[in-house]
Participant: 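Got a structure for you, written out below as structure tokens; questions coming shortly.
Just so it is clear: chains get the letters A, B, ... in the order the sequence lines come, proteins before strands, and each one is counted from 1. Note that this is a predicted model, so its numbers are computed, not measured. Excluded from the calculations below are hydrogen atoms, water molecules and symmetry mates; all remaining heavy atoms, backbone and side chain alike, are included.
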Number of protein chains: 2
Amino acid sequence: MTDQRRADTRDRLIDSAIETLRTHGIAGTSARTIAATGGVNQALIFYHFGGMEALLAEACRRTTERRVALYRDRFATVRSLRELLAAGREIHAAEKASGNVAVLAQLLAAGQTDVALGKVTADALALWVVEIEAVLTRLLRGSPLGDAVDAGGLSRAVSAAFVGMELYEGVDAEGGLAALDALDQLGVLVEVVEELGPLARRAVRGRVRRAAGGS
Amino acid sequence: MTDQRRADTRDRLIDSAIETLRTHGIAGTSARTIAATGGVNQALIFYHFGGMEALLAEACRRTTERRVALYRDRFATVRSLRELLAAGREIHAAEKASGNVAVLAQLLAAGQTDVALGKVTADALALWVVEIEAVLTRLLRGSPLGDAVDAGGLSRAVSAAFVGMELYEGVDAEGGLAALDALDQLGVLVEVVEELGPLARRAVRGRVRRAAGGS
DNA sequence: GTCTATAGTAGGATAGAC
DNA sequence: GTCTATCCTACTATAGAC
């Protein structure tokens, strides 16, 4: 705690960048504001990273890696789609509080028009996707839904929706809560299909065949 | 076409702001870049709007109002949740091409740390929510799902996810496609529950009661 | 590795001529 | 309403002392 206070300057800058993105957004993040946040000289950003882009990229990578690793064990305990939904809401609450998905959202917005940042944020999202996909693949094996739904695609949809929810909550907290509750309610639907067991499996299989042939 | 070319300068600035947000993102949008996009003098932004914030707010309002109105008739033709999913994908494709949800996403990112823009983007999202909620309310009346799912909350979740998908596609087009396909596949699940009819309705009702009492 | 100082550019905003 | 010119601030980035 005594000499960790001024850690490595490099590390401090990365953490300061994360903190600045969280509190000031991408539009309010600059070499000067980041340096001020960390109490570090502004010129050191260019000494250690060569430019803003590399620092932001590193910040994106670090914050996402840390967070995803944090939830790996939690994901492993999940035994049903319903439990996954509950875990998702837990994680959402934790991320909301720590503000790390908010950082990813800011960089993702910037990545829309900056190819380098776009690549970096895509990689960061991929870290989430990999974890979610692993859980989904495991869970869908035992479910009637497994015949119909692609775990890779679904995990990408979930990750994207996760970011969207974070942004939405940031401007309408009340509405965000209602949205999360609705997703919980949709979990009921999943449960029903799962508990219907073989009957649902047959119905789903039939539907899939018809959908595949029909269009 | 002859004198609409230089429309009202005020209107031109709004359209230029939209275009600039789309192509340069919020970080690359300034009074100077907007003015350059529209071939308008930079000082006129402050004459007509008093400042950047008011211009961006107006741009947000206008682009969203236009787009939502465009889809009102399309929404009215939707007769089932499955059709709604298809309509959603259509609209997503159109918005992707025209880039208007991209503008909303940029402003939403900025709205996370700017209270004024936050209010504006919340209002813009509410325009989408109102339309989707109307359709959902109508459709859920005749569905077993109507007993379990809140149309207001679900329409908010859908709107948030819509924005998230747009951002995700912007950095990973291939992954975005897979995600959209997975959502289509989830539609199968909805169909199954809907076509199970009275049986599903009874199962859903039982589940809702248990969920309400259980937690 | 860290500091000060500074170059050079781009930002929001205003004054005043037309 | 529109233009030029300008103020002042903030930005990225570098040079050079320590």
Participant: Rounded to the nearest Å, what distance is computed from the CD atom of residue Glu53(B) to the P atom of nucleotide dG12(C)?
Facilitator: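 Taking atom P of dG12(C) as the reference, CD of Glu53(B) is at 12 Å.
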
Participant: What's the CG-P distance between Asn41(B) and dA5(D), to the nearest Å?
Facilitator: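 Going from CG in Asn41(B) over to P in dA5(D) covers 11 Å.
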
Participant: Could you tell me whether a side-chain N or O of Asp8(B) sits under 3.5 Å from a main-chain N or O of Arg10(B), the two making a donor and an acceptor?
Facilitator: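 Judged by distance alone, no pair lies under 3.5 Å.
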
Participant: Backbone N or O of Ala102(A) within a donor-acceptor pair of the Gln106(A) side chain at under 3.5 Å?
Facilitator: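 Pair absent, no side-chain N/O of Gln106(A) close to backbone of Ala102(A).
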
Participant: Using the side-chain heavy atoms of Ala43(A), tell me which of these nucleotides is nearest: dA13(C), dT2(C), dT4(C).
Facilitator: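 Looking only at heavy atoms from C-beta outward on Ala43(A), the closest nucleotide is dT4(C).
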
Participant: With respect to the side chain of Leu44(B), which nucleotide from dT12(D), dG11(C), dC3(D) is positioned closest?
Facilitator: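 Ranking dT12(D), dG11(C), dC3(D) by closest atom to the Leu44(B) side chain puts dC3(D) first.
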
Participant: In whole angstrom, give the distance that lies between atom CZ of Phe49(A) and atom C1' of dT12(D).
Facilitator: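 These atoms are roughly 16 Å apart.
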
Participant: Distance check needed: dA13(C) P versus Leu13(B) CG, whole Å only.
Facilitator: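 Value for this atom pair: 14 Å.
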
Participant: Could you check which of dT4(D), dA13(D), dA13(C) has an atom nearest any side-chain atom of Met52(A)?
Facilitator: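 Looking only at heavy atoms from C-beta outward on Met52(A), the closest nucleotide is dA13(D).
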
Participant: Nearest whole Å is fine: how far is dA13(D) P from Ile34(A) CD1?
Facilitator: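 Nearest whole value for this atom pair: 11 Å.
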
Participant: Give the rounded distance in Å between these two atoms: CD1 of Ile26(A) and P of dC11(D).
Facilitator: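 Nearest whole value for this atom pair: 13 Å.
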
Participant: Taking all non-hydrogen atoms of both residues into account, name the closest pair between Leu186(B) and Val149(A) and its distance.
Facilitator: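 Scanning both residues completely, I find the closest heavy atoms to be CD2-CG2, 4.0 Å.
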
Participant: Once you round it to whole Å, what is the distance between C1' of dG12(C) and CG of Leu56(B)?
Facilitator: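 The distance from CG of Leu56(B) to C1' of dG12(C) comes to 12 Å, rounded to the nearest Å.
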
Participant: In whole Å, I'd like the distance from the CZ atom of Phe46(A) to the C1' atom of dG8(C).
Facilitator: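 Distance, rounded to whole Å: 13 Å.
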
Participant: Closer than 4.0 Å, any side-chain N/O of Ser30(B) to the OP1 or OP2 of dG11(C)?
Facilitator: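 So the side-chain polar atoms of Ser30(B) do come within 4.0 Å of the phosphate oxygens OP1 or OP2 of dG11(C), strictly under.
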
Participant: Measure the spacing between OG of Ser143(B) and CG of Leu81(B) and express it to the nearest 0.5 Å.
Facilitator: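 That separation rounds to 5.5 Å.
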
Participant: Can you figure out which of dA13(D), dA5(D), dA15(D) approaches the side chain of Gln42(B) most closely?
Facilitator: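 Of the candidates, dA5(D) comes closest.
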
Participant: Is it true that the side chains of Arg61(A) and Thr64(A) contain a donor and an acceptor less than 3.5 Å apart?
Facilitator: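 Judged by distance alone, the side chains do not pair up.
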
Participant: Given dT14(C), dG11(C), dT2(D), which nucleotide is nearest the side-chain atoms of Tyr47(B)?
Facilitator: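 For the Tyr47(B) side chain, the nearest candidate turns out to be dT2(D).
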
Participant: Where the side chain of His48(B) is concerned, which of dT2(C), dA13(C), dT2(D) is the nearest nucleotide?
Facilitator: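 Comparing dT2(C), dA13(C), dT2(D) against the side chain of His48(B), the answer is dT2(D).
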
